2 protein chains.
Amino acid sequence: MAGRAAVPEVIWARPERTGRGPRPAYTRADIAAAAVRIADAEGLDAVSMRHVAAELGCGTMSLYNYVPRKEDLYELMVDAVSGEHELWEPGGDWRADMLRVGRQTRELMHRHPWLPRLMSPVYGFSPNALRYLEHCLACLDPLDMTYGMKMQLVGMLNGVVTMYVASELATAERTRSLPWSEEQENAARIGYLGSQVATGAYPRMAAAFSEDPGPIDPEAVFRFALERVLDAFAPKG
Amino acid sequence: MAGRAAVPEVIWARPERTGRGPRPAYTRADIAAAAVRIADAEGLDAVSMRHVAAELGCGTMSLYNYVPRKEDLYELMVDAVSGEHELWEPGGDWRADMLRVGRQTRELMHRHPWLPRLMSPVYGFSPNALRYLEHCLACLDPLDMTYGMKMQLVGMLNGVVTMYVASELATAERTRSLPWSEEQENAARIGYLGSQVATGAYPRMAAAFSEDPGPIDPEAVFRFALERVLDAFAPKG
DNA sequence: CGTAGTTACGTACACCGTACGTAATGCGCT
DNA sequence: AGCGCATTACGTACGGTGTACGTAACTACG
């Protein structure tokens, strides 16, 4: 009877070390770091139990002593990179602070392009996620609003950032392991889109595409999106 | 020489029937419908090439005559359910129209809980996606704004809806195939969260949780979120 | 000091996406 | 009408996946 758990468990509630038995060879941080290293270098799909175990230098099944399911390995990864969030002393200007939070999250996701795909509301309980959320709330202290509303604001900000970066990265991530280049794939899609629009079935989209887009600055577009969210919750005027 | 394509192809650009050879036994719609049926009934992870083929009643590898990669099967699925969007003649009240669009998308995602997970910006070129986008732009005709801005509005609205519904469904989808119930898993997470907040390390979150949430009406919260987005782009006053 | 609980990990199973080869089919052309 | 060949159909096979289970080594506690 090895006493394998058949009860729902949050990985963060399970202690890393119980005291009995041989000293574990690795820490959770080790494992998360190994998985993150693989995901950064070879993409999320390369993160398999075997691969991570090999990166650590241990047998595949040994991993299951630390992590009951692969899903939990993902949770470890998300928490690990969440720890890269730089938390500062809020300066009293909640707008500036929240913009900074958003920009930082975007940079984080550019550094770890697999993050948007793993971003899930159920991962919101990890230690670093809690610290991050508390920090956001601290930034919002100057704002006169219920905490419930502030949570909604933070949630929507995170959601918009995630979606935005996901769309920035989607094709790149998707074509990483395909035999043709991202440019080729994009060209194929744009070409088909053009042919469809040319049929005249989508007059407004045709107009949209013939419109002069003006100078395109991704940073500015991103900032604009963030400000729309902030405006929505606390109109400037 | 069977002439297997080694060139990037958008599945929508490849004709369903070339005219030569035996008449294909199924249509794209048949295949998409079978996959959707499986995803609805058994979850997205149950959608495998073998399973879909069995549902259709053909050999596994025959599917590859219709769909070059599994990824394309996903694209077919998203397009198929996108066709469930009811498109109406816009009534001139763009706010009401957009709210209706958002509500419909949410219902669609509740009907097909796997949709948020498949929602990807690269799928925006399918026939039904194009019709949907054109319809959104038609709803926004009364709004004096560049098409670029309107596209951003639609994008953000879709993003917020997707995120919102994803968080509504995440735990349900996650625990569908787990040995314990969703309630158990939720209870475990909430319990752990409470214990963490009780340490006093997160004063604002503690305050948030002790705050009287008032009556909770999911529909109202959703509507509120949508209206925040609309307000952001076109302030009411 | 025994022993119970843990760690480590090899083996095995069911399932996955899909490359490839072959047989049957029926359209388009002469 | 009938030939040629592109296309469909699909069985087999390969390398990968998550993980259940059994066993051997180890160590902290009673």
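Reminder, nothing fancy here: chain letters follow the sequence lines and each chain counts from 1. As the structure is a computational prediction, the values presented were derived from the model and not from experiment.
Checked against dT8(D), dC16(C), dG18(D), the side chain of R50(A) finds its nearest nucleotide in dG18(D). Of the candidates dT19(D), dG17(C), dA19(C), the closest approach to any side-chain atom of M49(B) belongs to dG17(C). When distances are taken from the side chain of S48(B) to each of dC9(C), dC10(D), dC16(C), the shortest belongs to dC16(C).
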Let me see the working for D79(B) and S126(B) under side-chain hydrogen bond (donor to acceptor under 3.5 Å, both in side chains), right down to the final yes or no. CA-CA 6 Å; D79(B) 182 66; S126(B) 79; 2.7 Å; yes
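Neither OP1 nor OP2 of dT7(C) sits under 4.0 Å from any side-chain N or O of S62(A). Phosphate proximity of dA9(D) to Y66(B): present, with a side-chain N or O under 4.0 Å from OP1 or OP2.
We find that E86(A) and R100(A) are joined by a salt bridge, their nearest charged nitrogen and carboxylate oxygen being less than 4.0 Å apart. D45(B) and R117(B) are joined by a salt bridge, as a carboxylate oxygen and a charged side-chain nitrogen come within less than 4.0 angstrom of each other. Under the 4.0 Å criterion applied to side-chain N and carboxylate O atoms, E75(B) and R28(B) are not assigned as salt-bridge partners.
Counting to the nearest Å, the C1' atom of dT17(D) and the CG atom of L63(A) are 14 Å from each other. Regarding L56(B), its CG atom lies at a distance of 15 Å from the C1' atom of dT8(D), rounded to whole Å. Rounded to an integer number of Å, the gap from CD of E16(B) to P of dT8(D) is 11 Å.
A donor and an acceptor atom, one from each side chain of D40(B) and W114(B), are located under 3.5 Å apart. Inspection of the Y132(B) and N158(B) side chains reveals an N or O donor paired with an N or O acceptor under 3.5 Å. Using modelled atom types and a 3.5 Å distance limit, the side chains of D30(A) and T27(A) yield a donor-acceptor pair.
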Collect all protein-nucleotide pairs involving nucleotides 25-28 of chain C in which both atoms are nitrogen or oxygen and the distance is under 3.5 Å.
unit_1: dC27(C); atom_1: O3'; unit_2: G19(B); atom_2: O; d: 2.9

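Heavy-atom distances under 4.0 Å link DNA chain D to no residue of residues 24-33 of chain A.
For the pair T60(A) and P68(B), nearest-nucleotide mapping onto DNA chain C gives the more 5' position to T60(A). Comparing M61(A) and A46(A) along DNA chain D, the residue whose closest nucleotide (by nearest heavy atom) sits nearer the 5' end is A46(A).
A distance of 7.0 Å separates CG in L73(B) from CG in L63(B), rounded to the nearest 0.5 Å.
Note that R106(A) lies in the cation-pi zone of F222(A), set by a 6.0 Å cut-off to the ring centre and a 45° limit from the axis.
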